[in-house]
Amino acid sequence: MVNPPKKLLFPHRHLLGIEGLSAQDIEILLDLAETAIEVSRQVEKKRSTLRGRTLINLFFETSTRTQSSFELAGKRLGADVMNMSVATSSVKKGETLIDTAVTLNAMRPDIIVVRHAHAGAVHLLARKVDCSVVNAGDGAHEHPTQALLDALTIRRNKGRIKGLSVAICGDILHSRVARSNILLLSALGARVRVVGPSTLLPPGIDRMGVEVFRDMRAGLEGADIVMMLRLQRERMQGGYIPSAKEYFRFFGLDEAKLKNAKPDALVMHPGPMNRGVEIDSSVADGDRSLIRVQVEMGVAVRIAVLEALAQHLPNG
Amino acid sequence: MKHTSTSSIAHQPLALVNARLIDPSALTETVGGVLIIDGLIRDLGADITPANLPPHARIINCGGDCVTPGLIDMRAFIGEPGAEHRETIATATLAAAAGGVTTILARPDTNPPVDEPAVVDFLLRRARDTGRVRVLPSAALTAGLNGMEIAEIGLLQQAGAVAFSDGARSIRNARVLRRVMQYARDFDALVIHHAEDPDLAAEGVMNEGEFASRLGLAGTPREAEAIMLDRDIRLVNLTGARYHAALVTTSLSLDIIAKAKADGLNVTCATSINHLALNENDIGDYRTFLKLAPPLRGEDERRALVAGLASGLIDAIVSDHNPQDVETKRLPFTEAEDGAIGLETMLSAGLRLVHSGEIPLGRLIAAMTIRPAEILRLPQGRLKVGAPADLIRFDQDEPFVVDPAKLHSRCKNTPFDEARMEGRVKLTLVAGEMVYEAE
């Protein structure tokens with residue numbers, strides 16, 4: 001008699017970043033997410049994994065897709081989901097992050113999902129609460145669930161991650177998506193390049209195990225995946241780059257530049273997009289675009305993450 | 001470029017023979033000739049004599065005069081667009097041709113400034129239609145020359161800008177300059193910066209020191225330049241940018257440049273013909289034509305600059321041509337505008353240093369030809385087979401007195417007013433075409 005494969009446990013109580021996860025940890029989450037895709041595709045989308053549990057979405061920065069995707073994930077697992085947005089909270093009244101954490105902790109939530117404008121804020125909060133904490137983006141540091149959903153999208157559409165050449169393009173400097181993706185894709189054996197103007201590349205990025213390109217065409221040469229990043233509006237006017245017009249000419253992904261990548265290269269973008277700034281509509285809406293697929297994978301990955309953390313909840 | 005001869009003549013081979021060929025690359029002199037076909041130097045050397053030229057070649061006997069590449073001036077203000085009352089491309093290039101300058105890098109601090117591709121395009125068209133010598137646009141480093149936001153360096157470069165600078169303005173904010181340098185480096189664009197701390201230089205109208213104090217004028221210390229230049233070099237080290245100090249005038253700056261070069265940084269510098277040939281004492285009785293920015297320095301500083309030129313530490317000599325109409329100069333010294341014209345007299349003024357034994361002729365010519373050509377990556381500025389036939393002929397010893405009325409620039413604010421000089425241009429060729437011939 002063959003023993004059924006032993007179900008591997010995700011060994012962490014929090015998900016604060018890709019940093020600190022092993023390749024195996026990542027694979028566990030991606031495998032869980034594969035099964036979670038099915039949950040969302042059924043008419044009856046509810047599971048009971050988190051029944052009776054409380055999930056707090058604590059977003060100090062506005063978000064549409066990440067917050068709603070965590071909310072849906074929590075609800076599909078049966079949790080009670082509370083969305084706390086900064087605009088209506090006591091943070092506006094001057095409460096410190098730690099006081100907010102202590103206050104929320106007293107309400108005995110099971111999982112808190114946090115986004116904050118400053119790097120390291122989520123880690124600080126995690127040290128002050130008893131529940132599990134998921135990082136939904138901290139400054140320009142990490143956005144682990146975005147990297148996981150990107151990896152899931154790549155794996156399902158390319159069949160693998162190992163050995164692929166992935167070009168992450170645009171505003172690397174301010175991007176938590178880029179940092180999490182660099183860590184995750186490198187851990188799974190992809191070759192990662194970053195492409196952007198020097199003003200939008202973090203100093204020392206070459207020592208993070210990536211190849212650095214300042215010319216888009218050269219950077220896309222032979223790429224299997226072209227991952228575009230959002231250029232934030234406040235960066236468009238002269239501070240980091242001259243103008244949106246010039247940025248699009250040299251770093252916007254259009255059909256002509258995409259021709260430098262492999263013929264079967266696929267295009268991704270974490271959203272929301274600036275059409276005509278970092279990506280041309282014909283590419284964003286073209287048949288090589290995975291941008292809408294990424295959104296679906298986002299819900300699945302967040303279900304997987306909540307399920308994995310649920311294994312560590314008391315009486316779980 | 002305006003055609004001063006018919007196209008059939010343009011295609012006729014032209015030979016300059018019996019010339020002292022000054023090769024600014026090798027710093028050598030050869031008696032011989034240059035054969036020009038289709039606007040390029042086809043052959044040159046001692047073997048080019050009337051006996052062995054193509055049968056239909058037009059021959060000019062130079063009678064032992066010097067023949068060198070045409071001069072390349074990396075810093076000249078041309079009034080177009082916006083200040084046509086001071087100078088136009090037509091008048092500036094006429095003055096240039098008469099002075100032996102065959103390539104002008106135009107300053108971008110015009111009105112409007114050269115900070116968008118359409119203005120580069122305008123300049124290139126105006127230069128083609130009205131210019132007698134080559135006019136190359138430089139474009140702004142920062143949008144609107146505001147020192148705050150990076151200009152569209154990529155698009156401007158594609159439009160034809162050959163270098164980038166904010167003209168006579170310094171970028172005060174180090175963070176902005178850092179990003180400008182980073183960004184320019186991606187495009188391998190040359191950053192030309194006027195290094196002068198605007199706060200430290202704010203009230204100064206001449207060099208700080210005894211002479212300014214005696215005249216009762218506010219001075220600009222040498223440190224205003226050195227502090228900014230030192231900051232710039234540190235940013236070059238940080239960013240890897242290709243950097244050219246537009247105009248250095250002090251020994252403090254030369255020390256900084258020397259160290260930067262020794263450290264292997266991609267740094268070059270220029271000084272102006274005025275700062276090499278004149279000093280603060282020439283201001284004399286409040287002569288506003290000698291009010292310059294940065295100001296004329298003391299004699300020790302001038303000598304240091306000449307030594308820097310002789311050693312090759314200073315790469316280029318610029319005219320710093322800056323036409324000002326007489327009303328803005330006929331004012332009390334403090335209120336008068338800065339600047340002097342220089343395109344037409346830079347060679348003659350430079351030859352003063354040769355005649356006084358301060359610098360060899362080859363070095364002088366190199367700093368006005370091959371070195372600027374190398375910095376700007378231009379094919380001209382050299383005596384070489386295949387190079388554009390931008391050439392000048394001059395008699396090194398011909399004496400004359402500078403008569404402002406006879407200068408071709410629209411403005412007559414020359415600091416060499418009534419000066420006695422030796423050596424002036426007899427013939428100027430651009431791409432093998434005669435654009436100036438002395439009467």
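Note on naming: letters A, B, ... go to the chains in the order of the sequence lines (proteins, then strands), and numbering restarts at 1 for each one.
- Contact check for A:Arg230 versus A:Asn274: side-chain heavy atoms found under the 4.5 Å cut-off.
- Looking at A:Tyr247, neither its backbone nor its side chain comes within 4.5 Å of chain B, counting heavy atoms on both sides.
- Ionic pairing of B:Arg242 and B:Asp188 is present here: one or more N-O contacts between side-chain nitrogen and carboxylate oxygen are shorter than 4.0 angstrom.
- Contact count against chain A (heavy-atom pairs under 4.5 Å) is highest for B:Leu155 among B:Val176, B:Val180, B:Leu155.
- Neither the backbone nor the side chain of B:Met181 comes within contact range of chain A; no heavy atom of the residue lies under 4.5 Å from a heavy atom of that chain.
- With a threshold of 4.5 angstrom between heavy atoms, B:Arg185 approaches chain A through side-chain atoms but not through N, CA, C or O.
- For B:Ala151, the part lying under 4.5 angstrom from a heavy atom of chain A is the backbone only.
- Highest contact tally toward chain A, considering only B:Glu149, B:Glu152, B:Met148, B:Gln158, is held by B:Glu152 [criterion: heavy-atom pairs under 4.5 Å].
- With contacts defined as side-chain heavy-atom distances shorter than 4.5 Å, the pair B:Leu123/B:Thr110 does not qualify.
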Self-check item: Check against salt bridge (charged side-chain N to carboxylate O under 4.0 Å, His left out), B:Lys259 and B:Asp230
Solution: CA-CA 10 Å; B:Lys259 178 167 188 311; B:Asp230 189 57; over 6 Å; no

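- Residues A:Val283 and A:Met228 are not in side-chain contact: their nearest non-hydrogen atoms beyond the backbone lie 4.5 Å or more apart.
- Side-chain atoms of A:Phe59 and A:Thr66, non-hydrogen and from C-beta on, do get closer than 4.5 Å to each other.
- The parts of A:Ile241 that come within reach of chain B are both its backbone and its side chain, each placing non-hydrogen atoms under 4.5 angstrom from that chain.
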